Structures are given as C-alpha cells and as structure tokens.
Protein chains: 4
Amino acid sequence: MTATAGHNSLAKDALKSFVERIENLETEKKALADDIKEVYSEAKANGFDTKVMRAVIRERKKDPADRDEFDSLFDLYMSVFG
Amino acid sequence: MTATAGHNSLAKDALKSFVERIENLETEKKALADDIKEVYSEAKANGFDTKVMRAVIRERKKDPADRDEFDSLFDLYMSVFG
Amino acid sequence: MTATAGHNSLAKDALKSFVERIENLETEKKALADDIKEVYSEAKANGFDTKVMRAVIRERKKDPADRDEFDSLFDLYMSVFG
Amino acid sequence: MTATAGHNSLAKDALKSFVERIENLETEKKALADDIKEVYSEAKANGFDTKVMRAVIRERKKDPADRDEFDSLFDLYMSVFG
DNA sequence: CCGGGAGGAGAGGTCC
DNA sequence: GGACCTCTCCTCCCGG
C-alpha cells in the first residue's frame, strides 16, 4: 500500500490478472448470448413463436419433481378464487 | 409447408433443431459463468474484495458506451438543475 | 419560444416542471412497490409460498383467450420432444 | 393444520386477503405508471427529447447512492489500470 | 413491423 | 440458514 516501483506490485499484478481473466470470459459469454439471440431470430423468421420456445426451453430445464410440487400448490391457491 | 412422413415433420425437425442449438449454446454459456465464478473465488482466496472487483469491472464496461452522441443535449438538460 | 429573464427561461422552467412531476410520481410509485413487498413478506410469515402467489396473481391478470392460445401452442411445441 | 368451519377456511381467507391487497396496490401502481407516461407525452409534445429526459432522471437518481463507503477501495483497485 | 430500451420478476451470491 | 441485494432474463412499450 505504499511506495515506488515495487511495493505490492505482486498484489497489483494479481489483481490485474484476475480482472482480465474475468473480462475475457465475459467477452466469450457475451458472444454466446449473441449467438443465442441469433438462433431465436432464425426461428422467428421460420414462423416459430419465440415466446413459446422460451417457455419450452425453460420447462425442459426444470426438475420434474419441483414442477409437480409447484403445480399442485398453484392449483390449490387458484382454487381459493373459484 | 410440409412433406412426407407424418404431419409437418419438417417443421417438427426444424423446431427440434432450433431448440437443441439453443440448449447447447446455453450449456456453453453456463460453463463460462461457472468459470467466472471460479475466478472470483480465487481472487477472494487471495484477499481481494470481490464486491469491489465487480464494481471495477462494471465501471470499465460502462465507460466506452458513455461517449454517446446525445451527451451535449444531456448536459444542457442537466444544467437546468444547477 | 422564449421570454424575459435570460435565454429560454420558459423552456427551462417547463423542463424542470416536467422532470419534477415525474420524479414525484416515481417516488409515489416506489412507495407502492415497497408496500407490495411488505404484503408478500407478511404472507410469507404466514406460511404462504410467495413464488406461487406471484404466479397466481400473474395468471389472474391474463386474458383467458390469450392464455388458451399460448397453452395450445406450448403443448404443440412440447409434443415434438416426446 | 387448522380448525373449525370447513377445511382451512382461515388459511383460505388469509390467502384471499393477501392476494387482493396486492392486486389493489398493483392497480394503484399501474395508475401512477400511466401518469408518468402521460407526463412524458406532454413533454414530448412540448419539444423535449424524452430519451434524454429519462437519462437525466436516471442520473439524478444514481448520484446519492454513488457516495459509497467503499469508494476509496474502489479507487485503489481502479488505479491499477491507470 | 422491427429492434432497442425500460421496467419487473426470478435466481444466485453475499453478508449477518 | 435466512434476508437483503445484485444481476440476469423476460416482457412490454416506444421510436425508427
């Protein structure tokens, strides 16, 4: 936390390294996000409803047991409102 | 809009293809997210404050975008509020 | 488009007025959002599942016709994946 | 899990009450959102750029929060990147 | 009609 | 482990 060309230079280098590694990974992650957007665009251009597609993909990601539990509770709550 | 075996088999295949492409890309994206988490963990183990690191990375991301073409108008509007 | 004291003082006043009206409305809006959060907290403290509650409230907000259309398309898409 | 008149009638009533309170609050909140939209429309009709106005309002909202206690640490970390 | 931006909801991480 | 809070994603609305 102090002086000339030396003190904590290792910590500085370490920090820079960590930050740069993260930024590089985020760059790659963003590229994939863009790719995904692109595929949705293609699908849309082919007449598919992307909102429904998203729902399907979300559904397939879920644990069936969790889904069942959620559904039964949902039905119970809804039943309160006729 | 379709073909031979069964109803709309082409559309079905197209939908399957789109969904699977997206799911694969999301798998890769998640792997990168996990990598990023891992780097933050390393940094934390080395004594860095990850909350501040996140702020730094966010800041560095924002700067380039902030050179907007409406900056002058923005400044004008802001000037109204002293 | 202007008047007496200084350049565009009318426009300035108008802008200030618009901005302040919006900011006041946003303050009120935020207060309501906090109230809503508070009710969810109470409900949770009484043993209700807030995630399911949100789903119920969202469901009740929807137009039945839209919901049916979405559901049938959703089922169709899902059927592609066995 | 409950008492006398009918199955869980108390829990039912409680749930209904919570949901209705939330829905009423959301109705009020939406009314305010509409009011805000209305003010933006007026401003636009008076020749102001609503996009810039939004930027101004956002900025004014951020400033107070940005005086964070970790500013010094943030500056230290940023200094690494000259 | 399409893409981009703003607002809201949900999920995950962090601190207590 | 529970609550807050940040971040990401989804949806809707405005502008082009």
Side-chain angles (χ1 to χ4, degrees), chain A residues 22 26 29-30 32-34 36-38 40-42 44-45 47 49-59 61-63 66 70, chain B residues 22 25-26 29-30 32-34 36-41 43-45 48-59 61-62 65 68-70, chain C residues 22 25-26 29-30 32-34 36-38 40-45 47 49-59 61-63 66-67 70, chain D residues 22 25-26 29-30 32-45 48-59 61-62 65-66 68-70:
Chain A
I22 290 167
E26 287 189 346
K29 185 154 81 85
K30 186 177 186 318
L32 284 171
D34 290 343
I36 290 169
K37 248 186 92 164
E38 174 63 26
Y40 276 115
S41 291
E42 281 185 55
K44 183 174 183 173
D49 183 322
T50 58
K51 183 177 172 183
V52 177
M53 283 178 65
R54 286 177 196 275
V56 167
I57 288 169
R58 204 181 314 130
E59 186 69 18
K61 218 174 288 179
K62 278 181 194 160
D63 177 351
D66 291 346
F70 179 90
Chain B
I22 290 168
L25 289 167
E26 286 189 347
K29 187 154 79 82
K30 187 179 185 316
L32 283 171
D34 290 343
I36 291 169
K37 255 187 73 172
E38 174 62 27
V39 179
Y40 275 116
S41 291
K44 184 175 185 173
F48 294 106
D49 184 322
T50 58
K51 185 177 173 183
V52 178
M53 283 178 66
R54 286 177 195 276
V56 167
I57 288 170
R58 199 183 317 129
E59 188 66 19
K61 207 175 299 178
K62 250 189 306 183
D68 281 326
E69 73 285 358
F70 61 75
Chain C
I22 290 167
L25 290 167
E26 286 189 347
K29 186 153 80 85
K30 186 178 185 318
L32 284 171
D34 290 343
I36 290 169
K37 247 187 92 166
E38 174 63 25
Y40 276 115
S41 291
E42 279 185 55
K44 183 175 185 174
D49 184 321
T50 59
K51 183 177 172 182
V52 177
M53 283 178 65
R54 286 177 195 276
V56 167
I57 288 169
R58 203 182 315 128
E59 188 68 18
K61 215 174 293 179
K62 278 181 194 159
D63 177 351
D66 290 346
R67 182 62 188 175
F70 179 89
Chain D
I22 290 168
L25 290 167
E26 287 189 347
K29 187 153 78 83
K30 185 175 187 318
L32 284 171
D34 290 342
D35 289 346
I36 291 169
K37 258 186 71 170
E38 173 62 27
V39 178
Y40 275 115
S41 292
E42 280 186 55
K44 183 174 183 175
F48 294 106
D49 183 323
T50 59
K51 185 178 174 183
V52 178
M53 284 178 64
R54 287 176 194 275
V56 167
I57 288 169
R58 201 183 317 129
E59 187 66 20
K61 208 175 299 179
K62 249 190 305 183
D66 275 350
D68 281 325
E69 71 287 356
F70 62 77

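Treat the numbers as computed from the prediction; the structure is a model and nothing was measured.
The two residues D/Tyr40 and D/Thr50 come nearest to each other via the heavy atoms O-CG2, 3.6 Å. Minimum heavy-atom separation, B/Lys29 to A/Leu32: N-CD1, 3.6 Å.
The phosphate of F/dT11 (OP1 or OP2) has no side-chain N or O of C/Arg58 nearer than 4.0 angstrom. Taking only side-chain nitrogens and oxygens, D/Lys51 never comes nearer than 4.0 Å to OP1 or OP2 of F/dC14. Between B/Lys44 and E/dC15 there is a side-chain N or O to OP1 or OP2 distance below 4.0 Å.
Rounded to whole angstrom, the span from the OH atom of A/Tyr40 across to the P atom of E/dG3 amounts to 16 Å. Atom pair C/Ile36:CD1 and E/dG10:C1' shows a separation of 16 Å (rounding to whole Å applied). One interatomic measurement links the two molecules: CD of B/Glu38 to P of E/dG12, which rounds to 18 Å at whole-angstrom precision. In this structure, C/Lys37 places its NZ atom 7 Å from P of F/dC5, rounding to the nearest Å. Atom P of nucleotide E/dG7 and atom CG of C/Leu32 are separated by 16 Å, given to the nearest angstrom. For the pair D/Ile22 CD1 and E/dA9 P, the interatomic distance rounds to 11 Å; values are reported in whole Å. Here the P atom of nucleotide E/dA9 and the NZ atom of C/Lys61 are 7 Å apart, to the nearest Å. Taking atom CD1 on C/Ile57 and atom P on E/dG8, their separation rounds to 15 Å, with Å as the unit.
In this structure, D/Thr50 and B/Glu26 both approach DNA chain F, and ranking their closest nucleotides by distance from the 5' end singles out B/Glu26.
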Given side chain to side chain contact (heavy atoms under 4.5 Å, CB included), test D/Glu38 with D/Asp34 step by step and report yes or no. CA-CA 6 Å; D/Glu38 173 62 27; D/Asp34 290 342; over 6 Å; no
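Around atom NZ of C/Lys37, no more than 12 heavy atoms belonging to other residues, nucleotides or ligands sit under 6.0 Å away.
Considering only side-chain atoms of C/Arg54, the nucleotide from F/dC7, E/dG13, E/dG10 that sits closest is E/dG10.
Within the nucleic acid shown, C/Lys29 comes within 4.0 Å of sugar-phosphate atoms alone, with no base atom in reach, counting heavy atoms only.
Inter-residue side-chain proximity for B/Arg54 and B/Arg58 is flagged as met; some heavy-atom pair is nearer than 4.5 Å.
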